[in-house]
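Per chain, numbering begins at 1; letters A, B, ... match sequence-line order.
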Number of protein chains: 2
Amino acid sequence: MTRRTTIYDIAKELGITAASVSRALNNNPKISESTRKLVMETAAKMNYKQNKLALALRSGKSFNVGVIVPRIDSNFFASVIRGIEEELNEHQYNVIICQSHENEKREGESINTLLNAQVDGILMSVSNVNSDNSNLLKRIIEKNVPLIFFDRKKNIEGVSSVTINDFDVSYEATVHLIKQGCSRIAHFMGNQTLEIFENRFKGYKKALEDNGIAFNQDYVIQTKSVLEDGKRAVDELFSLESPPDAIFSSSDFTALGAIKQLKMKGIKVPKDFCVVGFGDEPFTKFMELSMTSVDQAPLEMGKMAAKVFLEQINNKDNIKIEKKVVLKSQLLIRDSSSRNIIL
Amino acid sequence: MTRRTTIYDIAKELGITAASVSRALNNNPKISESTRKLVMETAAKMNYKQNKLALALRSGKSFNVGVIVPRIDSNFFASVIRGIEEELNEHQYNVIICQSHENEKREGESINTLLNAQVDGILMSVSNVNSDNSNLLKRIIEKNVPLIFFDRKKNIEGVSSVTINDFDVSYEATVHLIKQGCSRIAHFMGNQTLEIFENRFKGYKKALEDNGIAFNQDYVIQTKSVLEDGKRAVDELFSLESPPDAIFSSSDFTALGAIKQLKMKGIKVPKDFCVVGFGDEPFTKFMELSMTSVDQAPLEMGKMAAKVFLEQINNKDNIKIEKKVVLKSQLLIRDSSSRNIIL
DNA sequence: TAAAAGTAGACAATCGATTACGCAAACATA
DNA sequence: TATGTTTGCGTAATCGATTGTCTACTTTTA
């Protein structure tokens, strides 16, 4: 194994100092054209590669960005990360991945790890539990490390975020169900400590209200984003005196569980019952009876989060930037809620 | 923003030198117990955190590990990465993600980026094309950076790999189809420059042979891992004089495309036609007619790849370790190939 | 008591790149 | 010619932690 070439090696080779080599490589104007050319050529010949670690130590910039997600093996987060990686890659940043597993403690550890690794910024989707890592988040801000939330955000003064218009699209989804002739619409509600789920619930509620449909608390079932909860919820709903005729679910997985359970009960979807999910998980379009869902624009969200980070990092004036980007999501109407009725 | 505390700050505070502080923090025996305690306490009080960048520069170890995958937004790779991250996290390593997009050039760039970032190891699944980044791979090895392939490997002297027993499980899958009464079994074949697909094909072929079924080249269709190729392949197969009665697909996506197209043609699965996919993508079990598939044990694969890396990095004796780990995968028999017939 | 041995910590170099400062030579101006 | 300016590059400090070598002091041993 041969040692890496350093600027000192090049300097020795040319009989100049490392400082001059550094300047030449960085196109510093204080170097003559001839020397610069010589240095460039020699560097290429000796296969010189800048030592990022030395640069990082000197400049305090590691060119690494940390991303914290609840988990990576979910289509949504994986796609967001893909977007982040692609955007940042073009700007020579690397992406370091941490998983919080919806666990407050691990989330805290991840933050510490990333700060410790001297990342240049942290992009995160907060853990599911109503985590109280506020001290750590404060530390990120105090250290002047750009922090950007995506999807699951917290409202913190001065912190940018990228989300989708959960309220609007949920409103739209609910109206869509109403237009299909449904009037007893249930909602599978996610963790209300997270704004996204709160907004989905609010959008649903408002749509009912605006269309003269009374809100029924019995139709709102708290669910985690897993198949089983959807099944359980359907059972619960059908034990009511007047069961619903549609579900707007805040998750594709619970919606899928619901559809399976409805089938078990012999209830025809969409003829007798309409279902709308949320997330546009790949399986929604692969199902025999494809599922209406909401595209959360994960790729775009990742790219946008990365762009917001880049803006902040390039903001030399030290002006506080607080950007709240809200992406447009899209209701994708498929079989599970298409009665082909025009009301 | 307050500057981070360094060992110099602690040294000044205590009237000793930074060297002593460093030794105290590292439990070097040349430091008295009293001084060590004092240093520890002061460090805690001043909220000292070791600067990883300085350490990295000094030691040449960054505690970052690079992972290169074709893409991250596929369930398989995301799960592998999850496994890698979880295992390495426990050993204080961070994971840097790069996507090659099945593109040889980007794969090369990723390798360069990672080497440049001084990662302590590279775990990769090679790009789909028969890439010729051998020079770069050689550079990794020359630099003594541990390189570990997972799933899609190349056979390089001295390089470890973690894969599944593609041949065996493909054999098993084909035998399973035969046992269901199928005798004209087609195969959706992946890129044969990749060992995994080669082995799946070979396992399929051997199973036919061992069961006295003649191999028919017309039944082998080259496909990329996308829905459309599965549909197209079914059309192609049914334009044959004697169409097959089963498919063993090397990908879940093509298998899904096939099932959709079979349905379109009014062919009943599994009654008239059996289908086995590969990969255990989430949708396979969510489908109304769940799909038989092969679990590739991605989480385990990730963890194992990480473990092999850790072994190599901790191998002080500088003995060449070449480990070829083959994980057991599992045929998951579901509806798409279950005729409940015992032959 | 003097020499030998051991202990605790200081000093300084090192990892590789960047950069403020300074200096000498070349050139321009008066 | 004397003075000022520009150009091109060298010197040395810096980022923060680690570590080989050296030194002053203490303790042990003969």
Counting only side-chain nitrogens and oxygens, does [X] get under 4.0 Å of the OP1 or OP2 atom of [N]?
X: A:S22; N: C:dT18; answer: yes
X: B:Q118; N: C:dC15; answer: no
X: A:Y8; N: C:dT14; answer: no

Checklist entry - What does B:N28 touch in the nucleic acid at a heavy-atom separation under 4.0 angstrom: a base, only the sugar-phosphate, or nothing? => result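 Counting heavy atoms under 4.0 Å across all strands, no contact is made by B:N28.
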
Checklist entry - Contact class for B:L55 (heavy atom, under 4.0 Å): base, sugar-phosphate, or nothing? => result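 Sugar-phosphate contact only.
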
Checklist entry - So which nucleotide from D:dA17, C:dG16, D:dT11 ends up closest to the side chain of A:N51? => result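 Looking only at side-chain atoms, A:N51 lies closest to C:dG16.
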
Item to check | Options D:dG16, C:dG16, D:dA12, nucleotide nearest the side-chain atoms of B:R58 | outcome: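 Of the candidates, D:dG16 comes closest.
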
Item to check | A:R82 (side chain) donor-acceptor with B:I72 (main chain) under 3.5 angstrom | outcome: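 No, A:R82 side chain to B:I72 backbone: no donor-acceptor pair under 3.5 Å.
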
Next on the checklist: Any side-chain to backbone donor/acceptor pair from A:T113 onto A:E109? Under 3.5 Å, distance only.
Outcome noted: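 Indeed, once roles are kept as given, a pair shorter than 3.5 Å links the two residues.
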
Checklist entry - How do B:S59 and B:A19 order along DNA chain C: which one's closest nucleotide is nearer the 5' end? => result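 The residue mapped nearer the 5' terminus is B:A19.
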
Next on the checklist: For B:K12, is the NZ atom crowded, meaning more than 12 foreign heavy atoms sit under 6.0 Å from it?
Outcome noted: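 Not buried by this count: 12 neighbours or fewer within 6.0 Å.
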
Item to check | Comparing A:G15 and B:L53 on DNA chain D - which has the more 5′ nearest nucleotide | outcome: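 The residue whose closest nucleotide sits nearer the 5' end is A:G15.
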
Starting at [atom1] of [X] and ending at [atom2] of [N], how long is that distance when rounded to a whole Å?
X: A:L14; N: D:dG8; atom1: CG; atom2: C1'; result: 15 Å
X: A:K61; N: C:dT18; atom1: NZ; atom2: C1'; result: 15 Å
X: B:R4; N: D:dC15; atom1: CZ; atom2: C1'; result: 12 Å
X: A:L57; N: D:dT14; atom1: CG; atom2: C1'; result: 9 Å
X: A:K12; N: D:dG10; atom1: NZ; atom2: C1'; result: 17 Å
X: A:N27; N: D:dG8; atom1: CG; atom2: P; result: 14 Å
X: A:I7; N: D:dC9; atom1: CD1; atom2: P; result: 15 Å

Checklist entry - Any side-chain donor-acceptor pair under 3.5 Å between A:E195 and A:N155? => result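 Present: a donor and an acceptor within the cut-off.
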
Checklist entry - Do B:T42 and B:E13 meet the criterion of a side-chain donor-acceptor pair at a distance under 3.5 Å? => result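 Looking only at side-chain atoms, B:E13 and B:T42 do not form any donor-acceptor pair under 3.5 Å.
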
Item to check | Presence of salt bridge, B:E142 and B:R139, under 4.0 angstrom | outcome: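 Looking at B:E142 together with B:R139, the answer is no, because their closest N to O distance does not fall below 4.0 Å.
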
Next on the checklist: Please verify the inter-ring angle class for A:F63 with A:Y93; under 30° counts as parallel, over 60° as perpendicular, anything in between as tilted.
Outcome noted: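 Tilted, since the angle between the ring planes falls between 30° and 60°.
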
Do any N or O atoms of the protein come closer than 3.5 Å to N or O atoms of nucleotides 5-9 of chain C, and which pairs are they?
unit_1, atom_1, unit_2, atom_2, d
C:dG9, OP1, B:S32, OG, 3.4
C:dG9, OP1, B:T35, OG1, 2.3
C:dG9, OP2, B:S32, N, 3.0
C:dG9, OP2, B:S32, OG, 3.3
C:dG9, OP2, B:T35, OG1, 3.3

